[in-house]
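Worksheet for the structure shown next.
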Protein chains: 2
Amino acid sequence: MSLHPFDPINPGEIQLGVKILQAAFPGVQLRHKKIDLQEPSKQEALLNADARSLVYAKELKDVQGPVDVDEMLGIEQLCLNHPAVQAEVAKMKLPAGMTVCTDTWIYGTDDPKETRRLFQCYMYMVAVDHPQNNHYSLPCRFSPVFDGSTHQLVRIDYLPCGNDFQTTETQPWRPVETIQYAHDLLQEPLRPDLKPYIVQQPQGPSFSLQGNAVSWQKWRFRVGFNNREGLVIHNLTYDGRNVFYRLSLSEMTVPYGDPRAPFHRKQAFDVGDVGFGITANQLSLGCDCLGHIKYFDGYRTDSKGNPVQLKNIICLHEQDNGLQFKHTNYRNGEATVVRNRQLAVQMICTVANYEYIFAFIFDQAANIELEVRATGILSTVPFDNEKPGAVVPWGTNVGPGVMAPYHQHMFSLRMDPAIDGFKNTIFYEDSVPLPEDANNPYGIGYTTEQTVIKNSGTANTSVDRHRVFKIRNDNIINPITYKPVAYKLHTVPSQMMLASPRSFGQKRAAFATKPIWVTKYQDGELFAGGEFTNQSKESQGVEKWIQRNDRTENEDVVLWHTFGLTHNPRIEDFPVMPMEKVSVMLRPDGFFTKNPALDVPPATQSANQSTQHPDACCTDRTKVKL
Amino acid sequence: MSLHPFDPINPGEIQLGVKILQAAFPGVQLRHKKIDLQEPSKQEALLNADARSLVYAKELKDVQGPVDVDEMLGIEQLCLNHPAVQAEVAKMKLPAGMTVCTDTWIYGTDDPKETRRLFQCYMYMVAVDHPQNNHYSLPCRFSPVFDGSTHQLVRIDYLPCGNDFQTTETQPWRPVETIQYAHDLLQEPLRPDLKPYIVQQPQGPSFSLQGNAVSWQKWRFRVGFNNREGLVIHNLTYDGRNVFYRLSLSEMTVPYGDPRAPFHRKQAFDVGDVGFGITANQLSLGCDCLGHIKYFDGYRTDSKGNPVQLKNIICLHEQDNGLQFKHTNYRNGEATVVRNRQLAVQMICTVANYEYIFAFIFDQAANIELEVRATGILSTVPFDNEKPGAVVPWGTNVGPGVMAPYHQHMFSLRMDPAIDGFKNTIFYEDSVPLPEDANNPYGIGYTTEQTVIKNSGTANTSVDRHRVFKIRNDNIINPITYKPVAYKLHTVPSQMMLASPRSFGQKRAAFATKPIWVTKYQDGELFAGGEFTNQSKESQGVEKWIQRNDRTENEDVVLWHTFGLTHNPRIEDFPVMPMEKVSVMLRPDGFFTKNPALDVPPATQSANQSTQHPDACCTDRTKVKL
């Protein structure tokens, strides 16, 4: 099978890239941060795989590339082995069996003149007796900063530990209990009464594959993967009709609300600073999904240019989501019942403490869902446990000596539509009362108002007006509705970024200030926060691209939706967080001439083989005397 | 097993009730609309089942009771057999094999002086050759109105059929295609490629039952049922701690947006006008749920006072909802993975054309969800199919000659909390930026603001402030957070009712004008729109009860959440609607001292028995030359 332009990079291509780069820069010792495919422009039908030469090289100034795996592990070792750090650790006088570890954080931004490549090492105490001891339960009170290029210790920050800005030098640790999450380390027994729940697909799955091209029911698409975004959906069609050219989670930022240094710099861009491709979990059969599972691998590059296989980092499987539709004719009791079978393409990314579970989910009624689950472990800071009753206004006490600050997760879903073709128009539709006049004599009438986004720009959501965003193709009119074929976006109306417009926090993440952005398609504009987010001083993303003021009516357009979770931790989110789910839906709206799932076979006991719980033998209900 | 005060009514009790009533009103020929249990007041520990006498009787004036099954079927026959109706039908000159049927609608309200009990019969054409022919595809252009007490024809309304207010007398029908939903009647073949998906629970379910008392994981509750609300959850506890005293869907209203007579009166109160108990579907094994299913029966009363069994109208089963939490220690790849097993208690109600699927869903992390799925068939009106391009501003053309008007579904979830006891306080919490002063030097700090609802009243949702409503018990302080134990409500911020404040539509449904209502508990206050909604002129519900201005801080309080769907039909919602889902979540927030699901056993392949899709044998990836 030959390669498709949207296929993820493979080891041979990585090795080829390294060879070409070495030839182009003779005598230079190269450090490889990323070798990945550049997707073809929409105009090109095929990748020219024969060039085998460097076609473009640019020297970048004033930007910091993302952290890579070797770099992160290197800084971790540098920190733990540094004499100044070890001297601080010594001051804590840890008991036998305890050591320290570090989560190497991107540094963030607070100084417009800073040009060094910096890392902030948050330190934790951890027992050595088990690989899943929860160090996030035991944050240290100091945090070294390293220069990632020179490998010099820049300074050691002391962390505020009370409910004010005060810091103190490192003191001997007063031991507290570790709040553990791993099953091996729990004090309480596991629940004994959870019975197995097994999904069986005796005839196999309903999907089929050719390389990364997926066929399922009337959907066809390609599973893409790159180091930065991880999972990407390409060339999505339904029943032979174009729907979306590309769907991806283009960026996210996690700004923290604790105003105190150095926490004010905690603002992760998990896509641009690190990458959901390189942090994607190796998935395990029977843990992450039920039923019949197809796994996809990916590749990343190590710093020397060697390809590293990322095994089973995307999974694909069917799931049952309850009823899709039902109607009973009450006159005769005759019912039509169809269940909602879905196809989920999923990745799980571990960005140090947190986990994100991303799934694009397709159903038989031509609906598309991006489901995001936030789980994992809260990023924690030390908090004095010697003052009972003490709380902070920007966080939650989650255990003895440990506090979890408020933060937001702001996601950007990039939708490159192709609703029956590439010329599309984005508009929003509000539901509004009719005027109370002769045409609305009883005052109950309501209608919809459409606003076309004629030029690149932004828009707000509106719950009060039930605002719905739609993507239509003005060139194709539905023969029944007499309106252009369209898909609609069910937004997730969310609180936008709380950081001040004057803060670096907001300047670096303009995409997180508006829920809707519309741009005219341009090659290379894939990331809402811009290409380089690490230690950025302002973003170079959607907010720049809309300034071209391109015409976006009946054009090749891109729709970006920013949504999020304002996450003020519950203590129940610790030591590991029951998932919080957000879901963005795309649904056909006048794209078909009727329910496209009508031809899904009915739900029947012969196929589904459910089991009925036996009724209790007897009650004394009938004992009521007459 | 003896009866519990929360057990649903049984046949013996119905028969006893009839006997007592007959004795109390000698010589009167009684028509029985409803005989159902009155739940005990909170103060009473036991129902006094020994009274066997009428303790209270009230003559009701100026109200109309709900429609009952016998009445609806009676009006249907009355209509179809009436000579004036048959004369109209004759004018349509239907071809052989076609007849008419009617959906008997509650009349609604538009005249403050109207005191008759009225029914509006919407008429449809239907082929006689199959019990699932879709009559909603072929609406007639006339609509008789009957007096339900005298059985007289009041008048025949002619329906507007164009995009204006004009009506015409009944004309011969110009045949158009019926858009069918039933599998038997589809012209296209069914999809051949959907493979079986079977849920097996070889060791049986994880729940156990004693009568209507359910035990599952750490949850305990009683499944209640009454004719009006259908499913009710009573006495909900988690790990022995009180959480909610009662949860129910207390009312809903469906106002339509087509401003033209007689459609302006289309405003169903599906709980108060009809009842989700009496419209609940008889569920079928293998269709409505997968896995191991327990069914519950209920009883209603026919008009003569006979008990009628409602078989399998509530089901209870476990489901898998993907991952509940995961964390991977990136240093060593060690992962903790727990799946999200849920217990769903579900009913499906058919209110003429529409179906609602209601499920209370409990999980292992002490979360409670009310999931509502709207499906079934749109309520349709005739529309001229002879003018290509014609559309209306208040509806969607969904097929030849048929239009589906815009409408809203406004639900009221009644939550009677018992967070560690009955004295609770409701407040809302907003996330707001810290002032930009010396305590927020970098401009990124944010905090929360709490507003206690100290007296009965209303509140709004706020997306921009990430407003969360919480129920706390001020008498019990969490030992780690130092804050009162609480549950939080994830509201569904929704557009409120669009009908004018001057309209009957809004006057009858004040509960649908505000998303949050807080009242002090009082016996008998169960229904947000008041006890009698049928042809009501104004509601007698939450909006009256808040006027008592009761203290609601640290009191026995009730929280009511109004949420909804503004449903401007898609053509894809016809002829049967892919479900649209809304979900309200209740989550512990400082109720526990850590994640309450930590002790759920890990997800393992040995229990889950997933299957891995075989990898394709070979690709030419390695052919890239170096």
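All values below come from the heavy atoms of this structure, side chains included, with hydrogens, waters and symmetry mates left out.
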Backbone of B:A335 reached by a side-chain donor or acceptor of B:N329 within 3.5 Å: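 A pair under 3.5 Å: no.
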
Do the side chain of A:N478 and the main chain of A:F592 share a donor and acceptor less than 3.5 angstrom apart? yes

Can you say whether [X] sits under 4.5 Å from chain A via the side chain, the backbone, both, or neither, judging by heavy atoms?
{"X": "B:D193", "value": "both"}
{"X": "B:L598", "value": "both"}
{"X": "B:T350", "value": "side chain"}
{"X": "B:P189", "value": "backbone"}
{"X": "B:L498", "value": "both"}
{"X": "B:E188", "value": "side chain"}
{"X": "B:T396", "value": "side chain"}
{"X": "B:Y295", "value": "both"}
{"X": "B:L209", "value": "side chain"}
{"X": "B:A390", "value": "backbone"}
{"X": "B:N367", "value": "side chain"}
{"X": "B:I377", "value": "both"}
{"X": "B:R587", "value": "both"}
{"X": "B:N281", "value": "side chain"}

Does CG in A:D110 sit with more than 12 non-hydrogen atoms of other residues, nucleotides or ligands closer than 6.0 Å?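 Atom CG in A:D110 is crowded, with more than 12 foreign heavy atoms closer than 6.0 Å.
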
Among [options], single out the residue with the greatest number of heavy-atom pairs under 4.5 Å to chain A.
{"options": "B:G389, B:A182, B:G590", "answer": "B:G389"}
{"options": "B:L186, B:D258, B:N608", "answer": "B:N608"}
{"options": "B:G505, B:P493, B:A365, B:A597", "answer": "B:P493"}
{"options": "B:V199, B:L285, B:V337", "answer": "B:L285"}
{"options": "B:T279, B:D573, B:N440, B:T593", "answer": "B:T593"}
{"options": "B:K483, B:M496, B:Q319", "answer": "B:Q319"}

For B:D589, all residues meeting side-chain hydrogen bond (donor to acceptor under 3.5 Å, both in side chains), sequence neighbours excluded: B:K470

Output the distance between atom OG1 (A:T447) and atom CG (A:N439), rounded to the nearest 0.5 Å.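 Reported value, rounded in 0.5 Å steps: 11.5 Å.
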
How long is the gap from NE2 on A:H466 to OG1 on A:T461, to the nearest 0.5 Å? 12.5 Å

Once you measure the plane-to-plane angle for B:H613 and A:H292, does it fall in the parallel (<30°), tilted (30-60°) or perpendicular (>60°) bin?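 Perpendicular: the ring planes of B:H613 and A:H292 meet at over 60°.
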
Over 60° means perpendicular and under 30° means parallel, so tell me whether B:W394 and B:F165 are parallel, tilted or perpendicular. perpendicular

Look at A:E436 together with B:R502 and state whether they make a salt bridge at an N to O cut-off of under 4.0 Å.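 Yes, charged N to carboxylate O under 4.0 Å.
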
Hey, are B:K326 and A:E355 close enough for a salt bridge, meaning a charged N less than 4.0 Å from a carboxylate O?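 Salt bridge between B:K326 and A:E355, a charged N being under 4.0 Å from a carboxylate O: no.
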
Identify which of [options] forms the greatest number of heavy-atom pairs closer than 4.5 Å to chain B.
{"options": "A:K594, A:R339, A:Q364", "answer": "A:R339"}
{"options": "A:V391, A:L194, A:I348, A:D464", "answer": "A:L194"}
{"options": "A:T566, A:T481, A:V398, A:T604", "answer": "A:T566"}

List the steps, then state whether side-chain contact (heavy atoms from CB on, under 4.5 Å) holds for A:S610 with A:Q605. CA-CA 6 Å; A:S610 295; A:Q605 170 65 358; 3.6 Å; yes

Any side-chain heavy-atom pair of B:R341 and B:D363 under 4.5 Å: no

What pairs meet the salt bridge (Lys or Arg N to Asp or Glu O under 4.0 Å) rule with one or both residues in residues 599-612 of chain B, with sequence neighbours excluded? A:R191-B:D599, B:K218-B:D599

